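To keep things clear, I will list the structure first and then write my remarks on it.
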Amino acid sequence: MDKAVDNLTPLLAGVRTFVGRTHGLFIDGDWRALDGKDRLAVYDPANGAKIASVVNASGDDVDRAVRSAHDAFEAGVWSGLAPAERERILLRFADLVEAHAEELAQIETLNQGKSINIARYVDIGGAPAYMRYIAGLSTKLHGETFDVSIGAVPGARYNAYTRREPVGVVGAIAPWNFPMMIGLWKIMPALAAGCTVVLKPSEVTPLTSLRLVELAHQAGLPAGALNVITGDGRTGQALVDHPLISKITFTGSTATGKAIARSAADRMLRTSLELGGKNPAIFLADAPIEKAVQGAVVGGFFNNGQVCAAASRLYVDRTIYEPFVAALSEAVRGMSMGPGLDPGAQINPVVSAQHRDKILGHIDQARRDGARVVAGGQRPDRPGYYVEPTVIVDAAPQLAISRLEVFGPLVTVTPFDSEDEAIALANDSPMGLTASLWTNDLNKTMAYIPRLKAGTVWVNTHNMIDPNMPFGGYKESGVGRDFGIHSLDSYTEVKSVCIAY
Ligand code: TXE
């Protein structure tokens, strides 16, 4: 399974220089706090070597960043620009990301561990199209006009309309699985709406955000419009608790999302929360085995399973269950393993030693609970944070392995005998982010789609997202939707105006 490490992508000189820098905090248009701060180590998941360190921002640092964003917002240096001017700067930002794509992709792979192919073609490669889509929405913000029907003073006439106004300072808290991409999903709609932003990337994967903010300013973003602070959960909590923050947009674990929602409730802080999933894929009897297995591999093992939308629970019609498990196990055993910088490696390290141990703990627990590991399940004997891609069967629905998001290269496979049983199994989860259905039977497809409790339902595909297609969760998978023409709604307040004349 191991690949020789002989064809690693050579790093650009600029990548080494950037990563080796003494990183500070980007506040009010410049780098600050370069000395004397508590620092957090950043590692290369491929070998466990320390590659950088970043500031663990204190409450005072958070306060400085939020005040910068607040002052910029109040002064109107960003929200006061003509929408077309904001759009132009954001489009230039997209151009710069595109121009620096290889550099950003290499930084992402070095820090996150993911395949350079995914970094090149998804994380960074997908960014300019998304950024341009959202930039274009800057000039599409609009309200409504309407006639007034009640409460009229006799003889008076009224003109009534709504305006969409930016909500204020947005605190954006990002996770480590698609660090730059998910960071952009937050800062782009906030900026397009006219908000100012303080972004806190995950402490595990802060590096691309630190490069991104330089490109944003090179594009013409005014000082204070986008600040980037690094730090751990305490830094994130200080951001949530800051009284000048008007909205938090968060992607991460359900537990942290719930903690943020509780803090937010006290002052009616606006929140958008994307909290992961334990997503089902349902394979009907007519699904061709080869295509079904390919779908399961992409759905379950893409980005080493560290995908909120990943298919981690596979439900397979009993008539094709045995051949499906055999073919999937064989495919998974055949996946080549190696560092993300090796473009030929299909399985790469997971993001951290802590996360690797958590995944292995889930696998051990599943074994103790009576489930059977039919492929993988071990920690390979090599440096770096690797976990073998794993297939588990005989996992009863109430087991932890069937209910908890593992976020690693691991799927469970379970047979079903009827449509009702497949739907009941698929919906038996506190989460509801995505689901996929694999069949060419149109009538069955149309019957399943409305019964699946998930924010996205894919048919004969999985993990497919698009800037125009809303993305978010049912149930504990979160609140709110990213993408789509309504992207800016949750970054704006609706103001009703009624003028008597
Ligand atoms: O998440 P956390 P972790 C899931 C996945 C993973 C698990 C744990 O199952 O195994 O979450 O990952 C910041 N106030 N997802 O521990 O803690 C933190 O610094 C404010 C799903 O990394 O939620 C980081 O920037 N912020 C997921 C971010 O929250 C706080 C993607 C996420 O960290 C905070 C990643 C606090 N009290 C993990 N505590 C998805 N939905 O795609 C931490 N943070």
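On a predicted model such as this, the values are computed, not experimentally measured, just so you know. Note that ligands are numbered from 1 as they come in the structure, with each ligand's atoms numbered from 1 the same way. If you read the sequence from its start, that first residue is 1, and numbering goes on from there.
Here CG of Leu25 is found 11.5 Å from NZ of Lys200. Values are rounded to the nearest 0.5 Å. One finds the CG atom of Asp369 at 9.0 Å from the CD1 atom of Ile401 (value rounded to the nearest 0.5 Å).
A perpendicular orientation is assigned to the rings of Trp185 and Phe471, their planes being inclined by more than 60° (bins at 30° and 60°).
In the model, Ser68 has a side-chain atom that pairs as donor or acceptor with a side-chain atom of Asn227 under 3.5 Å.
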What short N/O contacts, under 3.5 Å, does ligand 1 make with the protein, listed by atom pair and distance?
from     : atom 1 : to     : atom 2 : distance (Å)
ligand 1 : 9 (O)  : Glu405 : OE1    : 2.7
ligand 1 : 10 (O) : Lys358 : NZ     : 2.6
ligand 1 : 14 (N) : Gln237 : N      : 3.4
ligand 1 : 14 (N) : Gln237 : OE1    : 3.4
ligand 1 : 17 (O) : Thr256 : OG1    : 3.2
ligand 1 : 19 (O) : Lys200 : NZ     : 2.8
ligand 1 : 19 (O) : Glu203 : OE1    : 2.6
ligand 1 : 22 (O) : Trp176 : NE1    : 2.7
ligand 1 : 23 (O) : Ser253 : N      : 2.9
ligand 1 : 23 (O) : Ser253 : OG     : 2.7
ligand 1 : 23 (O) : Thr256 : OG1    : 3.1
ligand 1 : 25 (O) : Ala174 : O      : 2.9
ligand 1 : 25 (O) : Lys200 : NZ     : 3.1
ligand 1 : 37 (N) : Gln237 : OE1    : 2.8
ligand 1 : 41 (N) : Gly252 : O      : 3.2
ligand 1 : 41 (N) : Glu274 : O      : 3.3
ligand 1 : 41 (N) : Glu274 : OE1    : 3.3
ligand 1 : 41 (N) : Gly276 : N      : 3.0

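Trp176 meets the ring-ring contact (aromatic ring centres under 6.0 Å, His included) test with His355, Phe407; sequence neighbours excluded.
A salt bridge does not link Arg379 with Glu388: every distance from a Lys NZ or Arg NE/NH1/NH2 to an Asp or Glu carboxylate oxygen is 4.0 Å or more.
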